[in-house]
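Working notes, beginning with the structure itself.
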Amino acid sequence: MKKQFISERVKTRAKTDSRALMKGAGFTDEELSRPFIGVAGSWTNIFPGHSNLDKLSRAAEEGILMGGGTPIHFETIAICDGISMGTDGMKYSLPSREVIANSVESIAEAHACDGLVLIAACDKIIPGMLIGALRVNIPTIIVTGGPMLAGNYQGKAIEVISITEAHGAVAAGKMTLDELAELEDEACPGCGACQGMFTANSMSCMTEVLGIGVKGNGTVPAVHAKRYRMAKEAGMQIMKLVEQDLKPRDFLTKTSFENAIAVDMMLGCSTNTALHLPAIARAAGVKVTLEDFDVISRKVPHVSKLSPSGHHLMQDLDVAGGVSAVIKAGIDAGYIDGSAMTVTQKSLAQNVADAKILNTDVIRIDNPYSKEGGLMVLHGNLAPLGCVIKSAGVAPEMFEHKGPARVYHSELEAKAALDNGEINKGDVIVVRYEGPKGGPGMQEMLALTARIAGMGFDKDVALVTDGRFSGGSRGGVIGHVSPEAALGGPIALIEEGDMIEINLHNRTLMLLVDEKTLEERKAKWVCPPPKVKTGWLAQYAQLVGPVSLGAPLVTEYEEV
């Protein structure tokens, strides 16, 4: 494939001085005559979800070379939520999505890439890369790093959430420190994203059904050689997309996102999908709202109960047929539109035509766990613009809950109260001023939710917050309450001891305080001073929009 296939945009930038500089980096005239394919990696050696991505990037580059292109490699940043969880470092997680999107957009535009292969894993890195690529709108494929295999502790399969919840067990006197240390050594046996249906694996699954990722993205283990073949095949396929000028906005339609939400409901994915899918859709010029999640969740069943909601792990879903089997079952049942096009240049239905469910205990299409999806959108006077709960991880006893509010202005305050024995059965913990603007950064609260579960409170204590949760959270935990407290939402008006009523059957979240009293409180309310006054987080707090829209920056507010 020669340079004549490349757009006028690139031709005008292919100047003599540019070629001279690239030759200074070792490029030959032959390489400069081929399409430039950006390989956007996010390798780092600090956490296992990304520690194998350098090898996948090289495999993708080999595929690009085999396909007749010239790989242009660059890296973005990558934050591990699990490492930063429970610290101020977690405030940077969601904002980093914008940094990543900006970096992909910047390199793709500044260095005139003709196509992109994205190599990513984990929570906000996948959506960040996709948002950046969609802004540029050049042919794009994403290859994800894959899930980690289970660890082994005293003959039982364990995972990273096991160690997180174990802290609560130690606090409750149910586990010794020596046992905790042994568990720590075994929970993460190697590279890959955390083993359950947490946010990283949820977003990998979304890339498959959206049709912008390769088959197997969601479930093939990180250590499997298939991953390298997938990356090489993606490198070869991107050259075909460049030749045909097939761009992601050409096939990422409203139907594509509705399909993704349907699979989200079938698998019981992380609540963070309700944050990232609308943001990705916005970059694609498609409008996706919490209303779409609500409508689809009411008619699509929950068919696979993976950790933290159940005991199955991503490796179990893989051998049961993977995301392809779930998609095929969804198409056959009428939940998914198989006509949606994909990066394979085939329809979604064609991609999964041969897929089969190989374990009906893992994928229960004929005997679903519930007739409704694994996520729910709740409304009420406490969340006028909505909030989300991973209903797949809620015990039946917590589907209806009423209790007194225990109000805290940060996750750390709530965690200290829990550790000090100040929380009682029946309470509703309220953590506010932790939204995108108030946090700032809308940090995840796995350290808090895991303590609740580890202390045995997951069937007795609810948590309501304008912040968000890790995909590893379970129990009666409600996040994304919108408007957030920093915007003067009703969550800012709750007082200690107010009664809060949660009803998942009715999908409601109610503050049992009369309207006149709330109006009086609203008139007296004053927003607390910002928690962070300098640096990127202070900038982010000024720029970020409502979580109900996917927490876009103000520059992206325009309607799509």
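Only this structure's heavy atoms are used, side chains among them; waters, hydrogens and symmetry mates stay out.
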Item to check | Any donor-acceptor N/O pair, Asn272 side chain to Thr199 backbone, under 3.5 Å | outcome: no
Checklist entry - Taking atom OG1 of Thr273 and atom CG of Leu375, what is their separation to the nearest 0.5 Å? => result 5.0 Å
Item to check | Where Thr44 and Ala78 come nearest, the two heavy atoms and their spacing | outcome: CG2-CB, 4.3 Å
Item to check | Test item: Glu400 side-chain N/O and His505 main-chain N/O as donor-acceptor pair under 3.5 Å | outcome: no
Next on the checklist: So Pro147 and Gln195, do their side chains get closer than 4.5 Å, heavy atoms only?
Outcome noted: no
Checklist entry - So, Asn217 side chain and Thr144 main chain: donor-acceptor pair closer than 3.5 Å or not? => result yes
Checklist entry - Would you find a donor on one side and an acceptor on the other, under 3.5 Å apart, between the side chain of Arg227 and the backbone of Val143? => result no
Next on the checklist: Contact between Val288 and Arg282 at the side-chain level, heavy atoms closer than 4.5 Å - yes or no?
Outcome noted: no
Checklist entry - Any sub-3.5 Å donor-acceptor pair from Asp466's side-chain atoms to Val481's backbone N or O? => result no
Checklist entry - Passes side chain to side chain contact (heavy atoms under 4.5 Å, CB included), Leu446 versus Phe198? Steps please. => result CA-CA 11 Å; Leu446 180 60; Phe198 312 146; over 6 Å; no
Checklist entry - How close do Asn52 and Gly145 get, heavy atom to heavy atom, and via which atoms? => result ND2-O, 3.3 Å
Checklist entry - Do Leu267 and Cys205 come close enough that some side-chain heavy atom pair is under 4.5 Å? => result yes
Item to check | Under 3.5 Å donor-acceptor, His312 side chain and Leu317 backbone | outcome: no
Item to check | Smallest separation among heavy atoms of Ala121 and Gly49, with atom names | outcome: CB-O, 3.3 Å
Item to check | Matching residue for Ser297 among Arg507, His302, Glu372 - test: side-chain contact (heavy atoms from CB on, under 4.5 Å) | outcome: Arg507
Checklist entry - Can any side-chain N or O of Asn259 pair as donor or acceptor with the backbone N or O of Asp337 at less than 3.5 Å? => result yes
Item to check | Pair Met203-Asp123, side chain to side chain contact (heavy atoms under 4.5 Å, CB included): steps then yes or no | outcome: CA-CA 7 Å; Met203 292 310 304; Asp123 310 53; over 6 Å; no
Next on the checklist: For the CD1 atom of Ile238 and the CE atom of Met236, what is their distance to the nearest 0.5 Å?
Outcome noted: 12.5 Å
Checklist entry - Sub-3.5 Å donor-acceptor pair from the side chain of Lys305 to the main-chain atoms of Ala392, do we have one? => result yes
Next on the checklist: Measuring from atom CG of Leu385 to atom NE2 of His379, what distance do you get when rounded to the nearest 0.5 angstrom?
Outcome noted: 7.5 Å
Next on the checklist: Show the nearest heavy-atom pair for residues Ala274 and Val388, with the distance to one decimal.
Outcome noted: CB-CG1, 4.0 Å
Next on the checklist: Using side-chain heavy atoms (C-beta onward) and a distance below 4.5 Å, is Asn351 in contact with Glu208?
Outcome noted: no
Next on the checklist: What's the separation between atom CD in Gln315 and atom CG in Leu149, rounded to the nearest 0.5 Å?
Outcome noted: 5.0 Å
Checklist entry - Atom CG of Leu277 and atom CG of Leu290: how far apart are they, to the nearest 0.5 Å? => result 11.0 Å
Checklist entry - Checking side chain to side chain contact (heavy atoms under 4.5 Å, CB included) for the pair His276/Ser270: CA distance, chi angles, key distance, verdict? => result CA-CA 10 Å; His276 295 316; Ser270 165; over 6 Å; no
Next on the checklist: Is there a side chain to side chain contact (heavy atoms under 4.5 Å, CB included) between Ser309 and Tyr369? Walk through the geometry before answering.
Outcome noted: CA-CA 11 Å; Ser309 305; Tyr369 287 96; over 6 Å; no
Checklist entry - So does Lys459 have more than 12 non-hydrogen atoms from other groups sitting under 6.0 Å from NZ? => result no
Checklist entry - What's the shortest heavy-atom distance between Cys188 and Met148, and which atoms? => result CA-SD, 3.5 Å
Checklist entry - Less than 4.5 Å apart, any side-chain heavy atom of Cys194 and any of Ile161? => result no
Checklist entry - Heavy atoms, side chains only, cut-off 4.5 Å: are Leu241 and Gln345 in contact? => result yes
Checklist entry - Does the side chain to side chain donor-acceptor pair (under 3.5 Å) test come out yes or no for Ser42 and His50, once each step is laid out? => result CA-CA 7 Å; Ser42 52; His50 284 237; 3.1 Å; yes
Next on the checklist: Main chain of Thr508, side chain of Asn503: is a donor-acceptor contact present, judged purely on distance under 3.5 Å?
Outcome noted: no
Next on the checklist: If we count only N and O atoms by modelled type, under 3.5 Å, do the side chains of Glu159 and Ser307 hold a donor and an acceptor together?
Outcome noted: yes
Checklist outcome for this item: CG of Asp460 to CD1 of Ile452, rounded to nearest 0.5 Å, is 11.0 Å
Next on the checklist: Please check: side-chain N/O of Asn367 versus main-chain N/O of Arg364, any donor-acceptor pairing under 3.5 Å?
Outcome noted: no
Checklist entry - If you take all heavy atoms of Met175 and Leu183, which pair is closest and at what distance? => result CE-CD2, 4.4 Å
Checklist entry - Hey, are the side chains of His401 and Val428 touching, using non-hydrogen atoms and a 4.5 Å cut-off? => result yes
Checklist entry - Does Lys55 reach the side chain of Trp43, with side-chain heavy atoms less than 4.5 Å apart? => result no
